[in-house]
Protein chains: 2
Amino acid sequence: MQPKKPSTIRDVAAAAGVSTATVSKFINGQQRFSAEVEARMKTVIEQLGYRQNPLARSMVTGQTKSVGLAIMDVRNPHFANIVKGANRVAIEHDYNLLVVDLEESPKREQELLGALSRRVDGLIVSSRIPLETVDWLAQQGKPVVFFGAIQRQGVVAVRTDGYRAANMLGRHLASQGRKRFAYVGFPQARWNTERLQGLQDGLAQIGASARVFDVNLPTPEEGEAICSRVLLADDRPDAVVCYNDLVALGFMHEAQSLGLKVPDDVAVAGFDDIPLARYANPPLTTVDMQSERQGVVAMERLLGALAGNWPDADTLLEPRLVARQSTGRQ
Amino acid sequence: MQPKKPSTIRDVAAAAGVSTATVSKFINGQQRFSAEVEARMKTVIEQLGYRQNPLARSMVTGQTKSVGLAIMDVRNPHFANIVKGANRVAIEHDYNLLVVDLEESPKREQELLGALSRRVDGLIVSSRIPLETVDWLAQQGKPVVFFGAIQRQGVVAVRTDGYRAANMLGRHLASQGRKRFAYVGFPQARWNTERLQGLQDGLAQIGASARVFDVNLPTPEEGEAICSRVLLADDRPDAVVCYNDLVALGFMHEAQSLGLKVPDDVAVAGFDDIPLARYANPPLTTVDMQSERQGVVAMERLLGALAGNWPDADTLLEPRLVARQSTGRQ
DNA sequence: TTGAAAGCGCTAACAG
DNA sequence: CTGTTAGCGCTTTCAA
């Protein structure tokens, strides 16, 4: 831990016998200089190991070259995928990513987002925050892109069509001969409603509808915990759609522990198509919500906004049904 | 997107009829002023909605109040957990987290880490980067804490005892009556070696040893892909230890597709105890490597270093065997 | 208890 | 082609 003060642009300028302005323009590639001068600067820079201080640069340019990303829980593969996508695009464009995990609790979120907002050029934020915070963020004067379902004037969102996703799932289940349906939802999430609606509309075709249950968190533990309540009711459902794959996996596991066969006794499905869905036993039917793509697109749109294009329309991604054995024909 | 320039400390000072120095000291709580002056400043600050510009502050204090975290893949629950733990501690201490996902490829990692390094007060970095990059990082003059196995003079690491972890797994398997062992490793990882060694030593007790196979990435896909090669060999193993739970889950799935019963025909185990390990079918035996704790401790130690305590010893966390049905008695 | 002034390291006119 | 100068918004001596 030797202090070793980094050299400044002034050190370089002095050592190369030029002005700081020259050095600045040189390292930013904004202007060419005589071969001699350029060579001298190059050498000195290497010798001194000089590198720009991004903070000082930001101060004057007003650009931090970093963006904030606020998610509810990195542990949820849906969010991890968003981080993944956003990270890749950010790196490609030489932007840094300031990540904050809100831990599924809107407790300090305004404070955290506020602190973040001052350090970045723009923000990508989960739509699962209070509407007042959404509005407040929109007022902060920095571009914000939300991911997830959100209907609000003047805010831009990137999302995957949850209505269609659930609708497809509903019709799929119906086509497999299922008759009695349940939906295990997560009301805190903005898109819970559209998923439920899509499902109900899908089932309406065959004159059916789903009974609704709720979990408190989108986790396998919660799926496991609610399972018996769903399956031990009278007139047991023979098809259960869960808010996401994590809930579905927990649910399916517990159903099997309860002695039920999946898919024979009950079909189980989720949303997201997390990597492990394929490797469940039986493999889990789900809908690919394109989480990573959401991250990519959100970042692209944000960077676009920072570059001056600020189109106001939302981006709607198409979901893709991934039918696997957990909803096999009855 | 109204520009709406944020007000500066100068605006506040002017409006309150005091000097910027006074405002600065006031908002930083470094000094008390007459009730009258304080009241005026307070009012003005609220009216103007003034908030400090952290960049300007960093420029002069030399502290960014943010730390960098470099991981190989957020999608891997092991790393997601590290982010989780680090995030929590960072927030508690009012630090920001700059995350970079290296995407399992050491291609641009020095460049990325270099860019990161200038923007943060310290770094937490995966040990799975080239040793030369480790050394180079250590020279950068900023505190760095590594997580994962790494033996290098003068660098601090936080890790979980991989030798013990694998050793426990080996002895567990042996105690369950297993006889023929295989280890599916991931050589790129620094702790692959110690896990292998621990396993072999554990098996040596009963005079056995494990045949070694390698995957190219620590993913379920790779576990799936290598499965047949491992299980269709002569003298088929009756116990397979995989580099991590993801590989194990992929492997187990494929083993079952191949018609083998887990654990009757073959026991499967992994490392990390990812959340879904419990919900696999059968539930996966694994070793809890305390990923989240690693993130917590790494961040605590880094923040400690920034506060002046820079102890040189590594932190070694204890693994915990989590025996589940995938290695049930034969 | 308060303020004036000197920068932190860098870029951006504007001159030459 | 190259240099001078004036800040970005803030903290921090040092005086008053």
Side-chain angles (χ1 to χ4, degrees), chain A residues 3-42 44-45 48-66 94 115 117-121 141-142, chain B residues 3-42 44-45 48-66 94 115 117-121 141-142:
Chain A
K4 206 171 54 167
K5 273 235 170 315
S7 42
T8 76
I9 200 174
R10 228 149 1 225
D11 300 332
V12 175
V18 297
S19 77
T20 60
T22 302
V23 178
S24 173
K25 289 169 196 151
F26 176 62
I27 53 184
N28 289 18
Q30 296 178 330
Q31 203 181 302
R32 302 303 313 247
F33 298 88
S34 66
E36 189 188 19
V37 169
E38 292 204 347
R40 247 186 301 152
M41 287 194 282
K42 195 158 174 295
V44 170
I45 286 174
L48 265 45
Y50 169 75
R51 289 189 305 135
Q52 266 177 309
N53 178 334
L55 264 64
R57 183 167 214 279
S58 296
M59 274 245 57
V60 26
T61 63
Q63 282 201 130
T64 62
K65 283 296 223 171
S66 40
D94 288 314
S117 149
R118 292 289 268 158
R119 308 186 153 275
V120 298
D121 296 336
K142 303 234 170 150
Chain B
K4 206 171 57 169
K5 273 237 170 314
S7 43
T8 76
I9 199 174
R10 229 153 355 227
D11 300 333
V12 175
V18 297
S19 76
T20 60
T22 302
V23 178
S24 173
K25 289 167 194 153
F26 176 62
I27 53 184
N28 290 15
Q30 297 178 332
Q31 201 181 304
R32 302 303 313 248
F33 298 88
S34 66
E36 190 188 17
V37 169
E38 292 204 347
R40 247 186 301 151
M41 288 193 282
K42 196 158 172 299
V44 170
I45 286 174
L48 267 43
Y50 169 75
R51 288 188 305 136
Q52 266 175 310
N53 177 334
L55 263 62
R57 183 167 215 280
S58 295
M59 274 245 55
V60 25
T61 62
Q63 283 201 128
T64 63
K65 284 294 225 171
S66 39
D94 288 314
S117 150
R118 293 289 269 156
R119 308 188 154 274
V120 298
D121 296 336
K142 303 234 170 151

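The chains referred to below are lettered A, B, ... by the order of the sequence lines, with proteins before strands, and numbering in each begins at 1.
By the salt bridge (Lys or Arg N to Asp or Glu O under 4.0 Å) test, B/Arg10 is found to be paired with no residue, residues two or more places apart in sequence or in another chain being considered. Partners of B/Thr22 according to the side chain to side chain donor-acceptor pair (under 3.5 Å) rule, which considers only residues two or more places apart in sequence or in another chain, are B/Ser19. Looking at residues two or more places apart in sequence or on another chain, you find no salt bridge (Lys or Arg N to Asp or Glu O under 4.0 Å) involving A/Arg51. A/Asn28 pairs by the side chain to side chain donor-acceptor pair (under 3.5 Å) definition with A/Gln52, not counting sequence neighbours. For A/Thr64, the side chain to side chain donor-acceptor pair (under 3.5 Å) partners are A/Ser66, A/Asp121, not counting sequence neighbours.
Heavy-atom minimum distance, A/Gly49 versus A/Ser7: C-OG, 4.4 Å. Nearest heavy-atom pair, B/Ala16 versus B/Arg40, reported as atom, atom and distance to 0.1 Å: O-NH1, 2.6 Å. Between B/Thr8 and B/Tyr50, the shortest heavy-atom distance links the atoms C-CE1, 3.5 Å. Closest approach of A/Gln63 to A/Ser58, counting heavy atoms only: O-OG, 2.9 Å.
Residue pairs meeting the salt bridge (charged side-chain N to carboxylate O under 4.0 Å, His left out) criterion with at least one member in residues 13-27 of chain B: none, sequence neighbours excluded. Pairs passing the salt bridge (charged side-chain N to carboxylate O under 4.0 Å, His left out) check and including a residue from residues 26-38 of chain A, sequence neighbours excluded, read A/Arg32-A/Glu38.
Residues of residues 32-40 of chain B having a heavy atom closer than 4.0 Å to DNA chain D: none are found. Of the residues in residues 22-29 of chain A, those placing a heavy atom less than 4.0 Å from an atom of DNA chain D are A/Thr22, A/Lys25, in numerical order.
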Table of protein N/O atoms under 3.5 Å from nucleotides 5-8 of chain D N/O atoms:
| from | atom 1 | to | atom 2 | distance (Å) |
| --- | --- | --- | --- | --- |
| D/dC8 | OP2 | B/Arg10 | NH2 | 3.3 |

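In this structure, A/Met41 places its CE atom 12 Å from P of D/dC1, rounding to the nearest Å. Computed from coordinates, the A/Gln30 CD to D/dC1 C1' distance equals 15 Å when rounded to whole Å.
Here B/Ile9 contributes atom CD1 and B/Leu48 contributes atom CG; the two are 12.0 Å apart, rounded to the nearest 0.5 Å.
In this structure the side chain of A/Val23 reaches within 4.5 angstrom of the side chain of A/Val18, judged on heavy atoms. Here the side chains of B/Ile45 and B/Phe26 are in contact, with some heavy-atom distance below 4.5 Å. Taking 4.5 Å as the limit, every side-chain heavy atom of B/Arg57 sits out of range of all side-chain heavy atoms of B/Lys65.
Within the 4.0 Å cut-off from OP1 or OP2 of D/dT11, at least one side-chain nitrogen or oxygen of B/Gln52 is found.
Contacts between chain A and DNA chain C, taken as any atom within less than 4.0 angstrom of a protein heavy atom, begin and end at C/dC8 to C/dA13.
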Q: Could you summarise the pairing of DNA chain C as dot-bracket text, marking Watson-Crick and G-U pairs under 3.5 Å with ( ) or [ ] inside the strand and | across strands?
A: ||||||||||||||||

